[in-house]
Structure formats: C-alpha cells, structure tokens
Amino acid sequence: MGDRHAAGVLTAAGPHGVHAWVALLVEPVPGRDSVTGTDSSNGTGEPSRADAAIADAGWLAGQWDPSGGTRLELRYLHRPGEKLRCVLLGRVHAPAEDAAIAAALRLRDRLGTLPAHVRATPVGSAAEIQGLLDPFRPHPSGLVEVRKQIRSGQPARRDAGVAYYLAVSRLASGASSWDPLWQSVADLPQPFLLTVGLEPYAPPAPFVAMLNDVAAQYRRLATPGRSTPTPLRGVSYEVGADPFAAWAAQLFAEASRRYQSGVFRTRITLASPEPLPEPLVARVAATICAPRGDREITHVLVAPEPGEREIAWRNVTTLDNGRWDRRYLGHLPPVPTGMRLLAETMDASEAVSAWRLPPAPGTGGRTVFSGPVFQGPVFNNIGANATIVNGSTVTNAFNTAPASAAEAAPRMRILLACANPRGSVPLRTGAEDRTLRQSIKLSAERDRIDIETLNAVTIDDLRRALLGKQFDIVHFSGHGTRQGLVFEDDAGQLFQPSSTALAELLARRKIKVAVLNACYSLSVGRISAIGTEYTIASDGPLSDPAAIEFTRGFYDALGAGLAVPDAFEEGKGTAALKGLTYDAILLNRGE
C-alpha cells in the first residue's frame, strides 16, 4: 500500500485502479443533545440515549452514496489497559491515485459532519490508518459474524409451485442502551474488535422484481381460496392459508417497500487474537438485535470454516464484501443469489441497530472511550462545505483560492423522500430514484450535486433529515390526496400530516425547491410556495410513468446548469415525447 503522508490517506494500486482509505477517531461529547447540540442533562447529567440513536439513524441515512465504490465502517477496538477506541473508516476507488485521494478526502469531510453528541479527529498518517484496518491476526476461534437468519419451510398447499420455501427476517432493533456492552468490553483481558461495514448500493432491477414477485406469491398462498380444477380432479376444493407463507408474506411485503433504493450491504464482525468468549459474543448479538416482542430470533452467529478465514479477515482489513457462507447456508436447501443478497441488505433504520455512535457517559458512569490521540483538526459538526487538506481545515470563512471552477461553484443538495404505505396503490418509487440518479450521473454538473434518499419515509424521517443538513431541493415521490401528502407511520401504514405544518417545515428549513410528485399535491404546494423559491405540484391525478419521465427531464436540465423554470419545461417536454401528460404547475415564491 502507498502512503501520501500529507493528505492522511492510505492508497493501494491494483489492476483496475486505486483504492484509498481514510479514518477518523470518534469520541462522545459529554452532556450534548444529539440534535440541537445544547446541554441535555437537565441537571441530571444523563444525556438522552433515545435522541442519540435517532440522530445516528438520520446521519447514517445521509451517508448513502454508492458512487466511487464507497465503503463505510464503524469500528470499536479494545486493547487491555487502554480506553475503547471508536473509529470511522471509509474507502473509495478511482482510476488514478490523485482522483482517489481527492474522493477519499471528500468522504472524510462528509463522515466528519456528525450528530452533535459526538465529534471526530482525522487520522493523520497512512501508517496509523493501516494499523486500524489490520490491528491483529485473529485466532482460529476468534472470528464470527452476526447475520440475518434465513429460514426454510415445506409448502402446506399443493398449488405452491415450489419444492421449498425461503424467507429472510428483518433484523430486530437492538437494545436502546449499549452501556452494559461497553462496560463488558472495557473489562475484557484480551484485544477485541467489533466492526460494522456498510456498502451503499442501488438495488438492481432483477432484485427489486424478485422481491415484488415473491411477496405476491406468498400473499397468494397466505390467502384461503379454492383450488383450480384439473383433468384428474374435475372439481375444486377449499385450500387454507399456508402458515409459513402468511409469515413470509409480511417480511417480503416490507422488504419490497423498504429495499427499492438507498440500501446497504452490511457486515457485522467480531474478532480477537484469542478465542472469543461465548458470553461476550452472546451479549454483542443480543445488544445489536434483541429478540422481538414475539420472542422471534432474527439473527444467527456464523464462523468461517478454515478455508474461509482468509477471505473473512481480508474483508475486515480492506473494507470488502467477499462472500463466505458454507456454515451459513449448509443446513438450507439451495439459496438463490437474490435471496443471499436480501440477507445482506439493510436500510438505514435497520442498519443503525448495529451502527451506533458512542454515547456520553451518564451520571456516575465510567468513561470507557478514548479521547483524540491523533494530531490534526477536530471535526465537530463543521459543515458539509469544509474540506480537510494537508491537516488544515478550509471553509468559506477563509479567502483561499479554489483549485478549480468546479470546486468554487456552490453545491446542490437534493433529498428524495419516497413513500408507498401498505395498502396503497404500488408506485415505482425505486425507478424514480434510479432515474434521478442516472440523470445527475450523466450530467456535466454531477461533481457538485449530492443526492440522498429516504425510503418508506415517515414524517419524522423527513423532519430529522432536514434538521441534519441543508438541502436545496426536496423531491417527494408518493401518493397525495386533497387532504395532503401520504407518508408512512412506524408500522408502514398510511399517515397524512397537516398540509400547513408540512409546508411550514419546508419554509422553516429554507428549502429552495419543492418537487411534489404526487396526486393532488397542490394541497401542500399552494401553502409551501409562500416560503420556497419554486414549488412543483399537481391539482389532480398524476400518473406514475409521467412522474418518472418528468423526473428524467427535470434533472437532466438541472444537471446541465439550467434554471428551475427551464428545467420544469424540459421535464414536461420529456414526458410529452413519451406520449405522457405531466399535469403539474410551477409556482414561484408567494404565488
């Protein structure tokens, strides 16, 4: 691996380009509220664990960016006699070293804009980054992963059409407080590593189609009905609901809603140079994914076989996702590739069960996390426009000449909020997400435009996302009625917030453009136009294909540098070229 000392980036060249790694040491900020950054102790010294977890989830959702082969990792490293270290690691890929280093520094800036209850110090040398990536050699009994459980079953109905069933549980949310786990780790007499790796990716169309198809098949088998007459059996007969199908139908319905776009491939690894203590492994698993209210266990613990240990550890030391699964799948019937990918996939709200930033100690609690030990600037919510170069923080407050016109241009930030609650007409929100991203990716302005996606969005998801970052455009993809836009609640059911309150939220967060791609969205748009510079909304029905084609043309034009009114006309024209009518209007501020 190479070493560009001044930049604090570790690089490694390969036959297909250059990988680059960065790292930040994270420490809790005692008594700071996770959202406002103010003192949250209320005289008790107890910070809000629930608020911290919520802030972590919102921050994590904002890290979804599959460009440049991005990998993210949150790593807790314990050495006896030392405080527990929490490290954020990132990896990118580019054709040449200079481009890889620049992309890695941008990723480090983004990772350093943390919730207010933590702060980060960048790791300044490539050698230290290498040591954090590869801290020890694991014992043959010192490596295990926490994975989603894959279950199989036998069909109870003759019309199942398959020889066996497969289903993947959604990872259960873990304990609200990780303090007991941290105390156990701090007392451990051997080195220990807990690391959670995330690979942001856009689900391929065949995967999304598989989820939808399996959900439909299980839904059919979960519904009582009558058989179809055959030549051998001339009459039909009653068929009952298949119990496994009824259970699996709920899982796949949720997966088909949540995993349309903006998801992560996830790896949760425990390691030690000595055999892992079984009580600690059980405590880690129970903390990350405690049994649900129905006592169902949603995870399994898997150790690599001897021939798989090298690839398992290489995943840890390089932030990779090479597969090893002999013991994981050995007891199951053949598992298709799409089902294996489903077992690795999580959205941000699910991944945060394992991706938990360190909390401040409570009253009388023992401090187990180390403070900064590296030289360099501290990232303490410095903002998305800050750049770290050669150990110096450069922000707009300095009159530093930009390296290029592209760096000088202001960035545009787009938040795509998608909702398709259970029981509503299915929408192709995933296609709209992919279309938007493709338009920006192919555009001349792609390097200065950032996109974040919230899937199965609740009104609280949107509010927290707007608290965490400043966005220029909020693009809503979903349903609407004359009473307002349709969001989901925590159970995936329909929820409609007050149109006035929603419009006031957009105005309060200084959103410049609101694109409300939903039927009857003018119920919100006519109010939001009071505060937003531009609002795009419909006073009637809006077809799904027309909304997607408008999205294509609108963001093609924005990516080419056109103004919003011109982009609006381009979007309508793009839909018209496909024989579709995009029946929406553009409102200027105050209109």
Side-chain angles (χ1 to χ4, degrees), residues 1 10 21 23 25-27 73-89 123 127-147 174-175 178-198 266-290 297 299-328 330 353-358 366-371 373-374:
M1 292 187 176
L10 175 68
W21 293 262
L25 183 68
V26 181
E27 61 170 333
E73 195 124 350
L74 181 65
R75 183 162 293 189
Y76 288 97
L77 181 61
H78 164 72
R79 297 184 186 279
E82 299 179 6
K83 298 288 187 182
L84 184 62
R85 287 188 184 182
C86 176
V87 183
L88 268 176
L89 293 158
V123 178
E128 288 173 306
I129 297 172
Q130 175 103 46
L132 293 169
L133 285 167
D134 194 358
F136 49 68
R137 295 300 299 174
H139 188 275
S141 299
L143 190 61
V144 68
E145 288 191 3
V146 181
R147 296 184 179 177
W178 285 35
D179 290 355
L181 173 61
W182 299 142
Q183 299 295 334
S184 297
V185 171
D187 294 333
L188 202 63
Q190 65 191 64
F192 173 74
L193 176 71
L194 168 61
T195 187
V196 182
L198 301 179
T266 308
R267 170 178 47 78
I268 306 170
T269 308
L270 290 68
S272 176
E274 301 177 29
L276 283 166
E278 291 187 9
L280 178 66
V281 173
R283 168 162 271 180
V284 171
T287 301
I288 292 174
C289 39
I297 303 296
H299 70 277
V300 293
L301 297 168
V302 187
E305 293 196 349
E308 298 175 318
R309 289 174 190 152
E310 181 178 350
I311 187 173
W313 188 241
R314 186 166 66 246
N315 286 343
V316 172
T317 60
T318 64
L319 311 191
D320 220 336
N321 268 329
R323 281 184 177 152
W324 53 271
D325 46 25
R326 292 176 193 165
R327 291 178 179 171
Y328 185 43
S353 294
W355 186 286
R356 194 68 65 84
L357 296 167
R366 180 161 54 116
T367 301
V368 298
F369 290 100
S370 66
V373 296
F374 304 114

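Computation of the quantities below employed the complete heavy-atom set of this structure, encompassing side-chain atoms and omitting hydrogens, waters and symmetry-equivalent molecules.
Applying the salt bridge (charged side-chain N to carboxylate O under 4.0 Å, His left out) rule to Glu274 yields no partners; only residues at least two apart in sequence or on another chain are considered. Shown here are the salt bridge (charged side-chain N to carboxylate O under 4.0 Å, His left out) partners of Arg323, two or more places apart in sequence or in another chain: Glu344. Remark: Pro275 pairs with His139, Ser141 by the side chain to side chain contact (heavy atoms under 4.5 Å, CB included) rule, at least two apart or across chains.
Once rounded to the nearest 0.5 Å, the distance linking CZ of Arg283 with CD of Gln183 reads 10.0 Å. Summarising the geometry, atom OG1 belonging to Thr317 is positioned 8.5 Å from atom CD belonging to Gln130; distances are rounded to the nearest 0.5 Å. Between the CG atom of Leu25 and the CG atom of Leu132 there is a distance of 8.0 Å, given to the nearest 0.5 Å. Interatomic distance, NE2 of His78 versus NZ of Lys83, reported as 11.5 Å (0.5 Å rounding). Rounded to the nearest 0.5 Å, atoms CD (Glu145) and CZ (Arg267) are 6.5 Å apart. From Leu198, atom CG reaches atom CD1 of Ile268 across 8.5 Å, with rounding to the nearest 0.5 Å.
Side-chain atoms of Leu188 and Pro277, non-hydrogen and from C-beta on, do get closer than 4.5 Å to each other. Residues Leu133 and Leu319 have side chains in contact (heavy-atom distance under 4.5 Å, counting atoms from C-beta outward). Using a 4.5 Å heavy-atom cutoff, the side chains of Thr269 and Leu193 are not in contact. By the 4.5 Å heavy-atom criterion applied to side chains, Leu143 and Leu270 are not counted as neighbours. Looking at Val316 and Asp134, their side chains never come closer than 4.5 Å, going by heavy atoms from C-beta outward.
By the 30° and 60° cut-offs, the orientation of the rings of Tyr76 relative to Trp178 is tilted.
Phe192 pairs in a side-chain contact (heavy atoms from CB on, under 4.5 Å) with only one of the listed residues (Leu276, Leu84, Leu77), which is Leu276.
A pairwise comparison of heavy atoms in Cys289 and Val146 identifies SG-CG1, 4.0 Å as the closest pair. Here the shortest heavy-atom pairing between Val302 and Tyr328 reads CG2-CD1, 3.7 Å. Here the closest non-hydrogen pair linking Pro191 and Pro80 is N-CD, 3.8 Å. Of all heavy-atom pairs between Glu308 and Asp325, the closest is OE2-N, 3.2 Å. Listed here is the closest heavy atom pair of Ala303 and Trp324: C-CZ3, 3.6 Å. In this structure, Arg75 and Thr195 approach most closely via the heavy-atom pair NE-OG1, 3.1 Å.
Within 6.0 Å of CD in Glu305 there are more than 12 heavy atoms belonging to other residues, nucleotides or ligands.
Cation-pi geometry between Arg356 and Trp182 is not met at under 6.0 angstrom from the ring centre and within 45 degrees of the axis.
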